Structure formats: C-alpha cells, structure tokens
Amino acid sequence: IGNPYQVGGIWYYPKEDFTYAEEGIASWYGPGFDGKPTANGAIFYENRVSAAHRTLPIPSMVRVTNLENGRSIKVIINDRGPFAHSRIIDMSRRAAQLLGFERKGTTLVRVEMLEQESRQLAAMLNGGGVVANNTMTPIASSALESHAPAAAPTAPATGQDLAPPPAAPASCPFYTSH
C-alpha cells in the first residue's frame with residue numbers, strides 16, 4: 001500500500017479503498033523523469049501507460065476517463081504525485097496521449113479504483129500469482145512492468161440491420177426503423 005510520507009509540509013496517508021472514485025484535474029509527466037525509479041522501485045518510462053497518485057495503493061489499477069472527450073483507459077498506479085495545483089492524478093506521457101490531452105497538458109477526469117485488477121496486482125507481488133476464480137496462478141514478476149496496450153484491431157467493421165425483437169412495441173424509443 002505504501003507508508004505515510006510528507007511532501008511540501010503536507011502528510012499523505014496511503015490506504016486501500018476499493019470504493020475510491022473521484023473527479024478532478026489530471027496532468028501528465030515524463031520529461032525529466034523518464035528512466036528513473038518510481039515510488040515502488042519500478043523504472044518510469046514516459047512512453048508506457050502508468051500513473052501517479054498521492055494515496056492509492058502501489059500498485060493498484062484504476063480506470064481514468066477523460067470527461068472532456070469520453071476516452072477511458074485502465075492504468076497501473078506505480079508512483080506518488082501529483083503535488084501541484086490540486087490535481088488528482090499524474091499520467092505518463094503515453095497515457096495522456098491515449099486520453100487525448102497531451103497537447104493541452106491537463107484535463108478533467110474521473111478516476112475509479114478497479115478492485116479485481118488491484119487485488120490481482122497485490123497477489124502477484126505477495127505470492128507470485130494471479131487470482132482467477134478464487135485460485136492462484138503463478139506468473140513471472142516481469143509481468144508487473146507497465147507496458148503499452150496492444151494495438152487496436154484494424155479490420156473493417158461490418159454490420160447488418162436486424163429485425164426488432166418479437167415483443168418490441170412499435171413506440172419503443174430504443175428501436176427505430178430505417
């Protein structure tokens with residue numbers, strides 16, 4: 001989870017809170033930190049997806065949604081911060097790119113703790129395995145390193161019009177005929 005710490009005369013108390021959800025300002029960091037150790041000892045790479053939070057457990061997994069454009073990603077918390085301007089999360093440069101706010105620098109976001117993924121990260125650290133269907137599966141410690149998400153599929157999408165369900169009333173607001 002992490003020990004209490006002090007920055008700029010303010011004490012921070014990390015804690016496990018699987019109900020955590022907060023809206024606020026996200027920023028991103030990278031230049032000057034690339035290749036240096038994070039608060040949990042992992043190496044920070046600005047072109048990989050990761051984030052810093054003042055009090056969430058290290059590591060933990062959160063969903064960050066850019067409220068200005070609707071983009072959302074899952075990201076591992078592996079560092080502490082941000083400590084300026086009442087921001088709630090500091091994203092890696094790559095995470096900011098994927099969320100669409102790299103050029104702007106900051107954006108309004110919603111950050112939500114992901115309980116199952118966070119518990120799996122903790123299990124990997126503590127026992128070397130992944131919790132799936134209440135059983136532990138061994139996994140290499142290198143799997144904890146943050147990494148870029150897989151590329152999105154590039155195949156063309158196809159579709160077809162479907163008939164309405166048999167019980168759909170003619171005035172159903174979710175069905176419109178073409």
Side-chain angles (χ1 to χ4, degrees), residues 1-69 71-131 139 141-149:
I1 292 175
N3 295 319
Y5 63 98
Q6 185 179 28
V7 173
I10 299 172
W11 278 95
Y12 298 93
Y13 299 91
K15 65 179 181 174
E16 191 172 75
D17 180 4
F18 294 119
T19 64
Y20 174 86
E22 184 177 9
E23 291 182 5
I25 301 297
S27 53
W28 67 272
Y29 70 122
F33 295 95
D34 196 49
K36 295 184 179 176
T38 65
N40 77 344
I43 301 301
F44 174 75
Y45 297 104
E46 69 179 347
N47 292 313
R48 293 186 180 173
V49 176
S50 64
H53 192 276
R54 291 184 299 269
T55 59
L56 290 177
I58 292 180
S60 58
M61 181 78 69
V62 296
R63 175 178 290 113
V64 180
T65 303
N66 182 336
L67 297 176
E68 295 178 13
N69 65 16
R71 291 183 184 181
S72 180
I73 61 171
K74 292 180 182 179
V75 61
I76 293 176
I77 302 293
N78 70 350
D79 207 358
R80 292 291 177 217
F83 302 108
H85 310 293
S86 300
R87 296 173 187 169
I88 65 169
I89 195 165
D90 232 355
M91 311 295 294
S92 66
R93 178 175 176 245
R94 181 63 180 143
Q97 288 171 338
L98 292 170
L99 286 171
F101 74 95
E102 179 194 16
R103 290 182 190 254
K104 186 178 173 190
T106 61
T107 194
L108 182 62
V109 296
R110 177 170 179 78
V111 179
E112 301 168 278
M113 175 72 111
L114 299 173
E115 181 176 0
Q116 182 176 352
E117 290 92 333
S118 295
R119 287 187 186 276
Q120 286 180 340
L121 286 171
M124 285 190 292
L125 280 179
N126 294 329
V130 173
V131 177
I139 189 165
S141 61
S142 61
L144 290 177
E145 289 293 318
S146 61
H147 58 280

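These numbers come from the heavy atoms of this one structure, side chains and all, not from hydrogens, waters or symmetry mates. If you're wondering where the values come from, they're calculated on a predicted model, not measured in any experiment.
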Using side-chain heavy atoms (C-beta onward) and a distance below 4.5 Å, is His53 in contact with Thr55?
yes

Residue set satisfying salt bridge (charged side-chain N to carboxylate O under 4.0 Å, His left out) with Glu112, at least two apart, ordered chain then number -> Arg110

I'd like to know if the side chain of Arg94 pairs up with that of Gln97 as donor and acceptor (distance under 3.5 Å, no hydrogens or angles considered).
yes

Work out which heavy atom in Val75 is nearest to a heavy atom in Ala51; give both atom names and the distance.
CG2-N, 3.7 Å

Straight-line distance of Ile25 CD1 to Asp90 CG, nearest 0.5 Å
12.5 Å

In Å, rounded to the nearest 0.5 Å, how long is the span from CE of Met61 to CD of Gln120?
8.5 Å

Residues at least two apart in sequence or cross-chain that pass side-chain hydrogen bond (donor to acceptor under 3.5 Å, both in side chains) with Glu22, listed by chain then number, are Tyr20

Run the ring pair (Phe, Tyr, Trp, His ring centres under 6.0 Å) test against Tyr29 and tell me which residues pass, sequence neighbours left out.
Phe33, Phe44

Tell me, please, which residues at least two apart from Glu68 pass side-chain contact (heavy atoms from CB on, under 4.5 Å).
Asn66, Lys104, Thr107, Leu108

Take Ile88 and Val111 through the side chain to side chain contact (heavy atoms under 4.5 Å, CB included) test and state the conclusion after the steps.
CA-CA 8 Å; Ile88 65 169; Val111 179; 3.8 Å; yes

Residues Ser92 and Arg48: closest non-hydrogen pair is OG-O, 2.5 Å

Which residues share a side-chain hydrogen bond (donor to acceptor under 3.5 Å, both in side chains) with Lys15, sequence neighbours left out:
none

Sorted by chain and residue number, the salt bridge (charged side-chain N to carboxylate O under 4.0 Å, His left out) partners of Arg93 (sequence neighbours excluded) come out as Glu102

Contacts of type ring pair (Phe, Tyr, Trp, His ring centres under 6.0 Å), residue Tyr12, not counting sequence neighbours:
Tyr5, Phe83

Minimum heavy-atom distance between Ala52 and Ile89, given as atom pair plus value
O-CG1, 3.3 Å

Given side chain to side chain contact (heavy atoms under 4.5 Å, CB included), test Phe18 with Ser118 step by step and report yes or no.
CA-CA 8 Å; Phe18 294 119; Ser118 295; 3.9 Å; yes

Given Arg63 and Ile73, is the side chain to side chain contact (heavy atoms under 4.5 Å, CB included) satisfied, shown in steps?
CA-CA 6 Å; Arg63 175 178 290 113; Ile73 61 171; over 6 Å; no

If the condition is side-chain hydrogen bond (donor to acceptor under 3.5 Å, both in side chains), which residues does Thr65 pass it with, not counting sequence neighbours?
Ser72

Under a 4.5 Å cut-off applied to non-hydrogen side-chain atoms, are Asn47 and Asp34 in contact?
no

Does Thr19 have any side-chain hydrogen bond (donor to acceptor under 3.5 Å, both in side chains) partners at least two apart in sequence or in another chain, and if so, which?
Asp17

Evaluate Val109 against Glu23 for side chain to side chain contact (heavy atoms under 4.5 Å, CB included), listing each step before the verdict.
CA-CA 6 Å; Val109 296; Glu23 291 182 5; over 6 Å; no

Salt bridge (charged side-chain N to carboxylate O under 4.0 Å, His left out) partners for Glu16, two or more places apart
none

Do the charged groups of Glu117 and Lys74 touch, with an N to O distance under 4.0 Å?
yes

State, with a plain yes or no, whether a side-chain heavy atom of Ile43 is found less than 4.5 Å away from one of Lys36.
no

So, taking the atom named CE in Met91 and the one named CZ in Phe101, what distance separates them when rounded to the nearest 0.5 Å?
6.0 Å

Do the non-hydrogen side-chain atoms of Glu46 and Pro31 ever get within less than 4.5 Å of each other?
yes

Checking Asn40 now: which residues fulfil side-chain contact (heavy atoms from CB on, under 4.5 Å) with it, not counting sequence neighbours?
Thr38, Ala42, Ile58, Asn78

Drop me the distance from Ile76's CD1 to Ser60's OG, to the nearest 0.5 angstrom.
9.0 Å

Could you measure the distance from the CZ atom of Arg54 to the OH atom of Tyr13? Nearest 0.5 Å is fine.
14.5 Å

Taking all non-hydrogen atoms of both residues, which atom of Ser27 and which atom of Pro82 are closest, and how far apart?
OG-CB, 4.3 Å

